[in-house]
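Structure record follows, encoded as structure tokens.
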Amino acid sequence: MKQAVRLIRERCTVPHPDGRPYGFRALVRRLRINEMVRRKPVKPDAFGRGAVGAMNSLLQLDVDFRRKLDSKILRSFQGKGLAEVKRPRSSVWRWFLDELRTRGYEMRNEWPFNSGSLGYGALCRYVDKVLSTNPHIAAREAGGQTLERKLRAGDGVDRPVARPYQRVEMDAHKLDGRFCVLMPEASGGWVPRIIHRLWVVVIIEVTTRAVLGYHLSLGREVNKKDVMRAIKHAVSPWSPLPVTFSERPLADGAGLPPVLGDDFVGLCWDETSVDGALAETCAAVRRQLTDVIGSRVLEPENSFAIRRSLDDRPFIETFFRTLGDRGLQRLSNSTGANTKARRVNDPDQVAVASQFQYEYLEELLQSLICNANATPHSSLGYRSPLQMLAYFRDRNMLPTRKANQNLVQGLLSHRKLRIVRGGAKSGRPPHVNFEGASYGGPAIRDREDLVGKQVWIINHLEEDARVVRCTTLDGQLIGVLRAAPPWHRLPHSLAVRSSILSLQAQKRISSLGNDAVQTFMQYVEMQPGKKLPVHPAYLSLRRILAAAAKTFEGDAAAQRAMTSLGIGLPQKSEASEEVHVDQSSPHNIAQPGSFNSAGRSLRSEKRKLPAKRLAAD
């Protein structure tokens, strides 16, 4: 009984390094709970024996030396100067011996300098002990900053999910490729120009690994509009884009989840995991996710995630690696994930020589992402993500909450309160100034009662700022207003208009008496020597014109405006004479009925992509 009381008092109640008492762990046979303490001075004999515990005795008696040794072990280089990064244990050992000799330990025979190892094993054990109490520095010494960042990941307690659509991961990825755009020359030819690297924003469902939606960003950086476009794409009906580089670009059953049926259109999720970047967690995106999707944003401040940690969102990071390994990095215009391991010396020259245009990238991305949704995963029991979604649907495990499509269409709408100007006293019809343009029309022309009052102006068509909706403060629709010159002819977005207004403020372009959009396109295309980089607004404008070409014949007002600019379209005149389009010029946009950079409509013509072999694989 006395022995049990002694063991409990002397061992079980001793604090463990984890902060708790040892408890019954202290009763394990031959477990040492206290460090060895040498009680006699260190005096090795002629053979180096009799120095047991010399290391602990040295560090306890010489506190200044211990402090310098710890500083030497924990020293970590983080600056920009020249320094030793990878330090072997032997370098610390040599410094250790030199410092002991400097302090006179060899003359006083207080360290076993006559032994075979000179205390190397004891020093290595002490180095391991110091590094174990500083895991971040230990990780940096072992694998650099990459391994150190992995320690910042959460412990994973709150990471697992139990049902489909409980959580999605969303992130942006800069594509590993160089692309060009064909620009017209004054001589009538075409010249390819390299554009900046592009981004893709992807939303992936955690349980099934299915990509719900994505968006190719044409800007130099991702903004909140790009993020909301990806969200809108994930909850909207889906139909594949026409592809020109392959007869069969998609595998059987490949696509986004709506390809399985209307049950998957507009399905909402509960949590959105992001990495804390500004574009993804800004107030506008957070509000739309809450109001339209009903999703909570998981960011480093309110969840298990750690900022800039790749391990807290493993599924989307794995998807981005797969997208590079099986997609763009297989092409010769790829910049590669590692510049030192790049297989092509100059991918810019490859993009120019092959005329790999960014319009082709949209088609290639669709094929890669949709086919990935139809590819079996080992972690899913060798089922594809779409098969897993169908499995959950058959067992009634899908969520029943769906996004209101009216709210979805308004995700990218922009509205502001504006005062109605003009009126009889000023000699001008009532109008409203909104985002650098004046709007009017029959709906407000005779509304003298609204002059001087505030109304809501809503840009409800994201890619056509020529028209806006006007409502009263209580939500009553006044009508649709049209933009006055020079913003009334070609379709454009508010972002494109903002870029044009910025150039006008810098006195670099002037649209006086001309269409502002056409003037901007001419400015970008006709730069002397093509010294300036391709403007991101120009790329966005090309995509808007390509999309507008599909419904061009149904817009009589736009057709008359385009005809007045001298832009020929396949149509019949009043004399029923068919207007033919010259097909001899090369085209930029490989889509049926799309515009080239000068605004001309082009017929559908298949143009083989240099990456056709990739799609065939």
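Reckoned from all heavy atoms, side chains included, excluding hydrogens, waters and symmetry mates. In this text, all values refer to a predicted model and were calculated from it rather than measured experimentally.
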Original post:
Are any non-hydrogen side-chain atoms of R542 and L545 less than 4.5 angstrom apart?
Top reply: no

Original post:
Which atom pair, heavy atoms only, marks the closest approach of A483 to H488?
Top reply: O-CB, 3.2 Å

Original post:
Are V468 and I457 close enough that some pair of their side-chain heavy atoms sits under 4.5 Å apart?
Top reply: yes

Subject >> N-O pairing of R543 and E463 below 4.0 Å >> reply: no

**OP:** Check the surroundings of atom CG in D449: do more than 12 heavy atoms from other residues, nucleotides or ligands lie under 6.0 Å from it?
**Re:** yes

Original post:
When you look at CZ of R197, are more than 12 heavy atoms from neighbouring residues, nucleotides or ligands closer to it than 6.0 Å?
Top reply: yes

Original post:
How far apart are the closest heavy atoms of C268 and P399, and which atoms are they?
Top reply: O-CG, 3.8 Å

Original post:
Can you tell me how far OG of S295 sits from CG of D270, rounded to the nearest 0.5 angstrom?
Top reply: 7.0 Å

Subject >> Exam field: side chain H215 to backbone D226, donor-acceptor pair closer than 3.5 Å >> reply: no

**OP:** Please tell me if the side chains of M228 and V285 come closer than 4.5 Å, counting only heavy atoms from C-beta onward.
**Re:** yes

Original post:
L250 and N371: which non-hydrogen atoms are nearest, and at how many Å?
Top reply: CA-OD1, 3.5 Å

Original post:
How far apart are the C-alpha atoms of W456 and L417, what are their side-chain angles, what is the distance that settles it, and do they pass the side-chain contact (heavy atoms from CB on, under 4.5 Å) test?
Top reply: CA-CA 5 Å; W456 282 110; L417 280 174; 3.5 Å; yes

Subject >> Residue pair P430 / V420: nearest heavy atoms and the distance that separates them >> reply: CB-CG1, 3.9 Å

Original post:
Where do V211 and P257 come nearest, in terms of heavy atoms and distance?
Top reply: O-CD, 3.4 Å

Original post:
Could you walk me through whether L216 and W199 pass the side-chain contact (heavy atoms from CB on, under 4.5 Å) check?
Top reply: CA-CA 6 Å; L216 177 64; W199 296 77; over 6 Å; no

Original post:
Between C370 and W238, is a side-chain contact (heavy atoms from CB on, under 4.5 Å) present by the stated rule, with each step listed?
Top reply: CA-CA 11 Å; C370 293; W238 176 82; 3.6 Å; yes

**OP:** Would you confirm whether E169, through its side chain, and I204, through its main-chain N or O, come within 3.5 Å as a donor-acceptor pair?
**Re:** no

Subject >> Listed partners of D171 passing side-chain hydrogen bond (donor to acceptor under 3.5 Å, both in side chains), at least two apart >> reply: R313

**OP:** Please name all residues satisfying ring pair (Phe, Tyr, Trp, His ring centres under 6.0 Å) with F320, sequence neighbours left out, ordered by chain then number.
**Re:** H173

Subject >> G255 backbone acceptor or donor facing N373 side chain under 3.5 Å >> reply: yes

Original post:
Should we count NZ of K402 as having more than 12 external heavy atoms under 6.0 Å?
Top reply: yes

**OP:** Can you run down the side-chain hydrogen bond (donor to acceptor under 3.5 Å, both in side chains) pairs that involve residues 413-423, sequence neighbours left out, and say none if there aren't any?
**Re:** H414-E435, K416-E435

Original post:
Does a donor on one side chain and an acceptor on the other come within less than 3.5 Å for R482 and Y439?
Top reply: no

Original post:
Is it true that a side-chain atom of T290 and a backbone atom of G294 form a donor plus acceptor pair closer than 3.5 Å?
Top reply: no

**OP:** Please round to the nearest 0.5 Å and tell me the distance separating atom CG of L212 and atom CZ of F264.
**Re:** 10.5 Å

**OP:** Output the distance between atom CD1 (I203) and atom OG (S273), rounded to the nearest 0.5 Å.
**Re:** 12.0 Å

Original post:
At what distance, to the nearest 0.5 angstrom, does CE of M521 lie from CD1 of I500?
Top reply: 9.5 Å

Original post:
Per the side chain to side chain contact (heavy atoms under 4.5 Å, CB included) rule, which among L481, V480, N459 passes with V467?
Top reply: V480

Subject >> R466 to W487 six-membered ring, cation-pi geometry met (6.0 Å, 45°) >> reply: no

Subject >> Minimum heavy-atom distance S236-V408, with the two atoms named >> reply: OG-CG1, 3.4 Å

**OP:** For a side chain to side chain contact (heavy atoms under 4.5 Å, CB included) with V227, tell me which candidate from M170, Q288, K232 qualifies.
**Re:** M170

Original post:
Quick check: does any side chain N or O of R401 sit under 3.5 Å from a backbone N or O of I293, one acting as donor and the other as acceptor?
Top reply: yes

Original post:
Does L198 reach the side chain of S217, with side-chain heavy atoms less than 4.5 Å apart?
Top reply: no

**OP:** Would you sort out whether V292 and V235 count as a side-chain contact (heavy atoms from CB on, under 4.5 Å), showing the intermediate values?
**Re:** CA-CA 10 Å; V292 180; V235 291; 5.7 Å; no

Original post:
So, does D263 use its side chain to make a donor-acceptor pair with the main chain of V265 at under 3.5 Å?
Top reply: no

Original post:
Is it true that R229 and E462 make a salt bridge, defined as a side-chain N closer than 4.0 Å to a carboxylate O?
Top reply: yes

Original post:
To the nearest 0.5 Å, what is the distance between NE2 (H492) and CG (L541)?
Top reply: 9.0 Å

Original post:
Mind checking whether I478 and T472 have side chains closer than 4.5 Å, heavy atoms only?
Top reply: yes

**OP:** Answer whether the closest heavy-atom distance between the side chains of V455 and V432 falls below 4.5 Å.
**Re:** yes

**OP:** Kindly indicate whether the side chain of E363, heavy atoms from C-beta on, has any atom under 4.5 Å from the side chain of P249.
**Re:** no

Original post:
About how many Å separate CG of L365 and CG of L175, when rounded to the nearest 0.5 Å?
Top reply: 5.5 Å

